[in-house]
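Just so it is clear: chains get the letters A, B, ... in the order the sequence lines come, proteins before strands, and each one is counted from 1. The shown structure was predicted, so the numbers you read here are calculated from the model rather than taken from an experiment.
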2 protein chains.
Amino acid sequence: MGRPRNFNRDEALQAAINVFWKKGYDGASMKDLTSAMGINSPSLYAVFGDKHQLYLEAIDRYSNDDGCAPLVAFESESDIEKAVIAFMRSTIDYASNHESGSKGCFLGNCVSTSVGEVEGTTERLQDAITGADERLAARFEKEKEQGNLPADFPSLERARLMFDLRQGQVLRARAELDQDTTEAGLAFRVKMILAI
Amino acid sequence: MGRPRNFNRDEALQAAINVFWKKGYDGASMKDLTSAMGINSPSLYAVFGDKHQLYLEAIDRYSNDDGCAPLVAFESESDIEKAVIAFMRSTIDYASNHESGSKGCFLGNCVSTSVGEVEGTTERLQDAITGADERLAARFEKEKEQGNLPADFPSLERARLMFDLRQGQVLRARAELDQDTTEAGLAFRVKMILAI
DNA sequence: ATCGTTTTGTAATGGATGATACAAAATAAA
DNA sequence: TTTATTTTGTATCATCCATTACAAAACGAT
């Protein structure tokens, strides 16, 4: 059943992500999707099932790529303070200067709308949130073991703090508000996240 | 031009808000809207213009009602520390237990999707964000004048901090994640907002 | 080169969408 | 009550949507 082989599935999926990211699930028409992906609708159906399955796959892919880029930045930096800074900067950078031109966060600004309306989105958004919380907390725990953070450091609480701050930043980015304003208070935020 | 007089315009608009809030702009069909508003489409067009104008009016109305409820809670409480707590609790409460059943924040979780796609939404979201920043900061400034906060207290920076934290909370609420988890770290967040 | 198969493009399907024309009903005026 | 006007409900419009049938083209095997 006509699956095309002469095209890059990953690139097509990335193109679909960018369309959904910009227009939302309902706002993205099949025409928007197919023209951005460079395929005709029959191919889309053969490869991805239907619009709904494509959407879920786009969410999964984004969760494992762009969406967790700040997490990777956080985990890659060896010094914990620099790691927190890297997380914040990476968040702002991806939310404001993504190569696709889409602003904000696909999960935070688009998938959130379809929660409860499009099947499969609620669990995925929940997993993305709690997963981020846990990955951030895990790093803090490791720092505690190494003695770089006090033994009573509330890792999960501060992880959630970081994540929540992130959401404000991506909303500002989505609204195309100047990211320099968020840059201003960054030092204090870092200090607070690591305080006591 | 048949404008109906035998119905409550405000109630109809509130019903429209709840539909848009739950389903987003594109996801809300005229049928969804008219049946929730208790009117037929000709009446909707006579009273509100069209779907697009109704959406913009819904945004404006929400911005001046539900959306700023936490701001009112913040401004109403006389003690500044209790005021910050009131802001946070009000945010969580409205985002999780709104009478309409809609979760999260209409602006943060729905309008954000249509930014750049639906005309008139970008300015409105920007105004809502910067307006909230300024109202929060204004209260801090007043406290400084009264000597309840140090003279070098960075009002706007902390206002933005509060607002950004709020966005994380409404996203968790939209995803129907347990709000008790956010309640846990509340004391520290309040301390951090008012620190130094 | 020919045939069978796979990939691509066109075109059409039924259904739903946003928007209105129009008639029925209700109201107000005389 | 009769008439003019306004409000409501029905029914329809063209259009766009997601989806798929089908034909054309490209490919691979023999």
Side-chain angles (χ1 to χ4, degrees), chain A residues 1-61 110-111 113-114 116-121, chain B residues 1-59 110-111 113-114 116-121:
Chain A
M1 32 198 95
R3 297 168 177 269
R5 63 187 163 198
N6 192 17
F7 86 112
N8 191 326
R9 192 185 195 280
D10 282 346
E11 282 179 14
L13 182 55
Q14 186 61 52
I17 290 174
N18 295 336
V19 174
F20 282 130
W21 190 351
K22 211 175 291 178
K23 309 201 164 198
Y25 179 70
D26 294 298
S29 71
M30 284 295 295
K31 198 168 156 293
D32 293 330
L33 291 166
T34 51
S35 59
M37 297 165 78
I39 55 175
N40 303 93
S41 25
S43 298
L44 189 152
Y45 281 86
V47 177
F48 296 100
D50 60 4
K51 186 186 174 185
H52 178 240
Q53 285 181 258
L54 174 63
Y55 187 57
L56 296 184
E57 202 169 327
I59 295 175
D60 291 336
R61 164 75 172 275
C110 290
V111 177
T113 302
S114 37
E117 292 296 317
V118 181
E119 195 193 315
T121 52
Chain B
M1 34 194 100
R3 296 169 178 265
R5 61 186 168 199
N6 191 18
F7 86 112
N8 190 326
R9 191 185 195 280
D10 282 345
E11 283 179 13
L13 182 55
Q14 185 62 51
I17 290 173
N18 295 336
V19 174
F20 283 129
W21 190 352
K22 212 175 292 182
K23 307 199 165 197
Y25 180 70
D26 295 297
S29 71
M30 285 295 296
K31 196 167 157 295
D32 292 330
L33 291 165
T34 52
S35 60
M37 296 164 80
I39 56 176
N40 304 93
S41 28
S43 299
L44 188 153
Y45 282 88
V47 177
F48 295 101
D50 60 4
K51 185 187 175 184
H52 177 240
Q53 286 182 257
L54 174 63
Y55 186 59
L56 296 183
E57 202 169 325
I59 294 174
C110 290
V111 177
T113 302
S114 38
E117 291 296 316
V118 181
E119 197 194 313
T121 53

Under 3.5 Å: donor-acceptor pair, side chain of B:Lys51, backbone of B:Ala28 = yes

Please work out which of the three classes, parallel, tilted or perpendicular, describes the rings of B:Tyr25 and B:Tyr55, given edges at 30° and 60°.
-> tilted

In terms of side-chain geometry, is the basic nitrogen of A:Asp10 or A:Arg61 positioned less than 4.0 Å from the acidic oxygen of its partner?
-> yes

Sugar-phosphate atoms are those with a prime plus P, OP1 and OP2; base atoms are the rest. Using that split, label each nucleotide of nucleotides 9-24 of chain D B, S or - for protein heavy atoms under 4.0 Å, 5' to 3'.
-> BB------SSBBB---

Ignoring hydrogens and angles, tell me if any N or O in the side chain of B:His52 forms a donor-acceptor pair with the backbone of B:Gly120 under 3.5 Å.
-> no

Is a side-chain donor or acceptor of A:Ser29 paired with a backbone partner of A:Asp32 at a separation under 3.5 angstrom?
-> yes

